[in-house]
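Input: a single structure, listed below in structure tokens.
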Amino acid sequence: MEDRLYCCNSFLIYRYIADENKQFRSDIKPYFFKPNPNEYKIRGLEDTEHSIKNYIDEIVASGGKIGLALSGGIDSAILAKYVPKGTPTYTFHSDLPGVLDETSQAKQYANACGLGNTVIDIKWEDAKKNAEILMRHKGAPIHSIEVQIYAAACQAREDGVTHLLFGENADIVFGGMDGLLAKDWTFDEFVKRYSYLDPTKVLVDGRWEMKPFETFRKGDNIDFYGFIRHYFYYEANNSYDNACATAGVKYSTPFNRMRLQFQLDYDRIRKGDTKYVLRELFNKLYPNMGQPVKVPMPRAVTQWLQDWEGPSRKEFIPHCADGLKGDQRWMIYILERFLNLLDK
């Protein structure tokens, strides 16, 4: 059903169209990620290892060629130990000041595992061009990470890769979201903590679309991990899946098929031991290599949009992008670009 106002508000809050029955225009059906129904039941380290091996073996047995998006973090480094020798890997890089450079750490992992490594340089001009291609495929505005995932996926396709492997969803499954898991949130606290933007401060007709939060309400509190495991899970996978599908390769990660059969130890996570199962596995696989500091995927949105004056369309409150962080400014920027694209 066409409901442009709902879609604009939902995107600003969740970075995702939370109601899959809604769309920006009646003739444009948004692209949504569909999970594999065959889940891996995870009871500990041994199940985690077995699931990764099984997942990769399935791809190889099907005749697929694997490529790996290799960062400086532990999730993709773990996967690097299980892919076939000689598997091509791809590491994102921006030469702008202030953007994390993971190329050296990723190269160490690649060398340790006998893998090739290609650096994918991300330029603003390419990102602007790729953004429109991705939005046309998605039927919706895109996450800022999609432009670089798409660039890597295009290179992987040229290299003959059919399945591009990521460490994505490890944070969601194993408790890497230390900020979102920092406390037992009240309902109102979590809404404020999770929401990307307050739509009433961005859109002239801004309104809060609360159903996703209400679904996990527990009185004055909220099942925050249940919410993360559902809505954040779908939003994150949708971004990776759209970027890869647009490029013509299969988005692949064993972690989005894993389902824990035990309760996460929140006290342990809140003391700094995030993703403790995967950290144990990393230490087993790389006994002589220290664990890197956890950081999100590096992207140059702050630098790209530092001189952007904000949206000019009538749907937006004037100067609504002033004072916002780079990722938030991207969301307003890309929403306006998508609305302009609809008008073409």
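These values consider heavy atoms only, across backbone and side chains, with no hydrogens, waters or symmetry-generated copies.
F11 and M1 are assigned to two separate hydrophobic clusters, defined by single-linkage of ILVMFWY side chains at heavy-atom distances under 4.5 Å.
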Original post:
Taking it one step at a time, do L12 and W208 satisfy side-chain contact (heavy atoms from CB on, under 4.5 Å)?
Top reply: CA-CA 10 Å; L12 293 174; W208 281 91; over 6 Å; no
**OP:** Go through F338 and Y333 one step at a time and tell me if the ring pair (Phe, Tyr, Trp, His ring centres under 6.0 Å) criterion holds.
**Re:** CA-CA 9 Å; F338 183 73; Y333 162 81; over 10 Å; no
**OP:** Would you please test N340 and E336 for side chain to side chain donor-acceptor pair (under 3.5 Å) and show each step?
**Re:** CA-CA 6 Å; N340 289 338; E336 180 174 55; 5.0 Å; no
Original post:
Can you check side chain to side chain donor-acceptor pair (under 3.5 Å) on Y231 and E235, steps first, answer last?
Top reply: CA-CA 6 Å; Y231 283 102; E235 181 267 313; over 6 Å; no
**OP:** Quick one: do T91 and T103 satisfy side chain to side chain donor-acceptor pair (under 3.5 Å)? Show the steps, please.
**Re:** CA-CA 6 Å; T91 303; T103 54; over 6 Å; no
Subject >> Stepwise side-chain contact (heavy atoms from CB on, under 4.5 Å) check, R259 with E39 >> reply: CA-CA 7 Å; R259 182 72 70 168; E39 295 182 335; 3.3 Å; yes
Subject >> Residues E20, K34; criterion salt bridge (charged side-chain N to carboxylate O under 4.0 Å, His left out); working and verdict >> reply: CA-CA 11 Å; E20 294 190 10; K34 300 301 179 186; 3.1 Å; yes
**OP:** Would you check, one step at a time, whether the test side-chain contact (heavy atoms from CB on, under 4.5 Å) holds for L115 with Y109?
**Re:** CA-CA 8 Å; L115 309 177; Y109 296 142; over 6 Å; no
Original post:
Checking side chain to side chain donor-acceptor pair (under 3.5 Å) for the pair Q23/D3: CA distance, chi angles, key distance, verdict?
Top reply: CA-CA 6 Å; Q23 52 207 77; D3 191 338; over 6 Å; no
Original post:
Step by step, would you call D223 with R217 a salt bridge (charged side-chain N to carboxylate O under 4.0 Å, His left out)?
Top reply: CA-CA 6 Å; D223 176 7; R217 180 193 277 273; over 6 Å; no
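Under the 6.0 Å cut-off for aromatic ring centres, Y14 and F213 qualify, their centroids lying closer than that. Aromatic ring centres of F224 and F216: separated by at least 6.0 Å. For F166 and F255, the ring centers sit 6.0 Å or farther from each other.
Just one of L339, L335, L341 meets the side-chain contact (heavy atoms from CB on, under 4.5 Å) condition when paired with P141; it is L335. In summary, of the residues considered (Y234, F227, Y233), a ring-ring contact (aromatic ring centres under 6.0 Å, His included) with H230 occurs for Y234 alone. For the side-chain contact (heavy atoms from CB on, under 4.5 Å) test with L68, the passing option among N117, T89, V161, I56 is T89; the others fail.
Taking a 6.0 Å sphere around CD of Q261, one finds it holds more than 12 heavy atoms contributed by other residues, nucleotides or ligands. Surrounding NZ of K81 are more than 12 heavy atoms belonging to other residues, nucleotides or ligands, all under 6.0 Å away. The environment of Q306 atom CD is dense: over 12 non-hydrogen atoms of other residues, nucleotides or ligands sit within 6.0 angstrom. More than 12 heavy atoms of other residues, nucleotides or ligands lie within 6.0 Å of CG in D27, so this atom counts as buried by the packing criterion. Applying the 6.0 Å contact sphere to NZ of K218 captures no more than 12 heavy atoms from other residues, nucleotides or ligands.
When hydrophobic side chains of Ile, Leu, Val, Met, Phe, Trp and Tyr are connected at separations under 4.5 Å, L5 ends up as a singleton with no cluster partners.
Side-chain atoms of E168 never come within 3.5 Å of backbone atoms of N237 as a donor-acceptor pair (strictly under, hydrogens ignored). Using modelled atom types, one side-chain atom of W185 and one backbone atom of L180 make a donor-acceptor pair closer than 3.5 Å.
For the atom pair CD1 of I149 and CD1 of I120, the computed distance is 12.0 Å after rounding to the nearest 0.5 Å. Distance CD/E132 to CD1/I334: 9.5 Å, rounded to 0.5 Å.
Classified by interplanar angle (parallel below 30°, tilted 30° to 60°, perpendicular above 60°), the ring pair H137/Y31 is tilted.
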